Number of protein chains: 2
Amino acid sequence: MRQMRHPPIEDVALEQVFHALSDPFRLGVIRRLADGGEQSCAALEGGRAKSSVSHHFRVLRDSGLILTRPEGTTHMNSLRAAEVEARFPGLLGAVLAAAGAPCDTAPRDE
Amino acid sequence: MRQMRHPPIEDVALEQVFHALSDPFRLGVIRRLADGGEQSCAALEGGRAKSSVSHHFRVLRDSGLILTRPEGTTHMNSLRAAEVEARFPGLLGAVLAAAGAPCDTAPRDE
DNA sequence: GCATAAGTTCGATTGTAGTCGAACAATTGC
DNA sequence: GCAATTGTTCGACTACAATCGAACTTATGC
């Protein structure tokens, strides 16, 4: 069973987190995961090319924000909320609160 | 007296803020302004070329994070803390708390 | 008015990042 | 075992972003 590589949360630079969140699609994914819990890549792809989506999930994993686990042919993604909270207290909550405003380019159900 | 253009805080996208903060130099500037209050560009340039520094301050202004006012030949910069707090409650505090950890590339006194 | 200081703009260079199609890989169902 | 599904990787393309030197602009001191 192939496991995805996730950096230890202490190896994650704050700037890396901000870079991951600076893209509208990725910020939208974080919101969706916060709202709806664990979801597959396909559920979040919002009409984009598979390779684009794959690239974004890679960036989110590398920045320590999400955890990806395989489930059959599907990859399930969830926020590493507790770890991120421990590493940067209050940041994720503030990000999600700030992102709560309507966002034009967030992935949404179609 | 030449005034710098600052976007109305309500025109600032959250992603834009994160992009501004994703650069180590700019994140360091925000920390320094939070710690030490209003400072000139020269005080914060950290040995970089003037044009590089000017570019970064432009990005910080355009993202609504700082306010720049001229004072003689000097440009004084300060955080638009109250406005950013009103627009994204809790975000700036969480960013500064998270950034409080030692940062290798932050501008510092030499 | 000229020199100096602080900062901006321009343009070039280099590096980063987002996009996607095509090919590939792992898992599952039949 | 093959087809379908989900997702990754590769490579190409395009756009963005950070860097700096040179030239320019504004304000100030003499």
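Below, chain A is the first sequence line, B the second, and so on; all start at residue 1. Here the structure is a predicted model, which means the values were calculated and not measured.
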Given [options], identify the nucleotide with an atom nearest to the side chain of [X].
| X | options | value |
| --- | --- | --- |
| B/Met4 | D/dC20, C/dC20, C/dG7 | C/dG7 |
| B/Arg26 | C/dA17, D/dA18, D/dT19 | D/dA18 |
| B/Arg61 | D/dG7, C/dT19, C/dT8 | C/dT8 |
| A/Ala49 | C/dG18, C/dC20, D/dT9 | C/dC20 |

> Can B/Arg31 and B/Asp35 be said to form a salt bridge (charged side-chain N to carboxylate O under 4.0 Å, His left out), step by step?
Replying inline: CA-CA 6 Å; B/Arg31 285 176 58 197; B/Asp35 285 346; 5.3 Å; no
> Any idea how B/Phe25 and B/Phe57 line up, ring-wise: parallel (<30°), tilted (30 to 60°), or perpendicular (>60°)?
Replying inline: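 Answer is perpendicular, since the angle exceeds 60°.
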> Counting just side-chain N and O atoms, does A/His19 come under 4.0 Å of either OP1 or OP2 of C/dA17?
Replying inline: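 Yes, within the criterion.
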> Is there a donor on the side chain of B/Thr73 or the base of C/dG7 sitting less than 3.5 Å from an acceptor on the other?
Replying inline: no
> Has the side chain of B/Ser51 got a donor or acceptor that lies under 3.5 Å from a partner of the other kind on the base of D/dG21?
Replying inline: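 Such a pair exists between side chain and base.
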Tell me: [atom1] of [X] to [atom2] of [N], nearest whole Å?
| X | N | atom1 | atom2 | answer |
| --- | --- | --- | --- | --- |
| A/Phe18 | D/dA17 | CZ | P | 17 Å |
| B/Arg58 | D/dC16 | CZ | C1' | 15 Å |
| B/His56 | C/dT9 | NE2 | P | 15 Å |

> Which comes earlier along DNA chain D counting from the 5' end, the contact point of B/His55 or that of B/Lys50, where each point is its nearest nucleotide?
Replying inline: B/His55
>> By nearest heavy atom, map B/Val59 and A/His75 onto DNA chain D; which one lands nearer the 5' end?
In response: A/His75
>> Walk me through whether B/Glu38 and B/Arg69 qualify under salt bridge (charged side-chain N to carboxylate O under 4.0 Å, His left out).
In response: CA-CA 10 Å; B/Glu38 196 180 44; B/Arg69 67 173 183 86; 2.7 Å; yes
> Considering all heavy atoms of both residues, which atom of B/Asn77 and which atom of B/Leu33 are nearest to each other, and what is their separation?
Replying inline: O-CD2, 3.4 Å
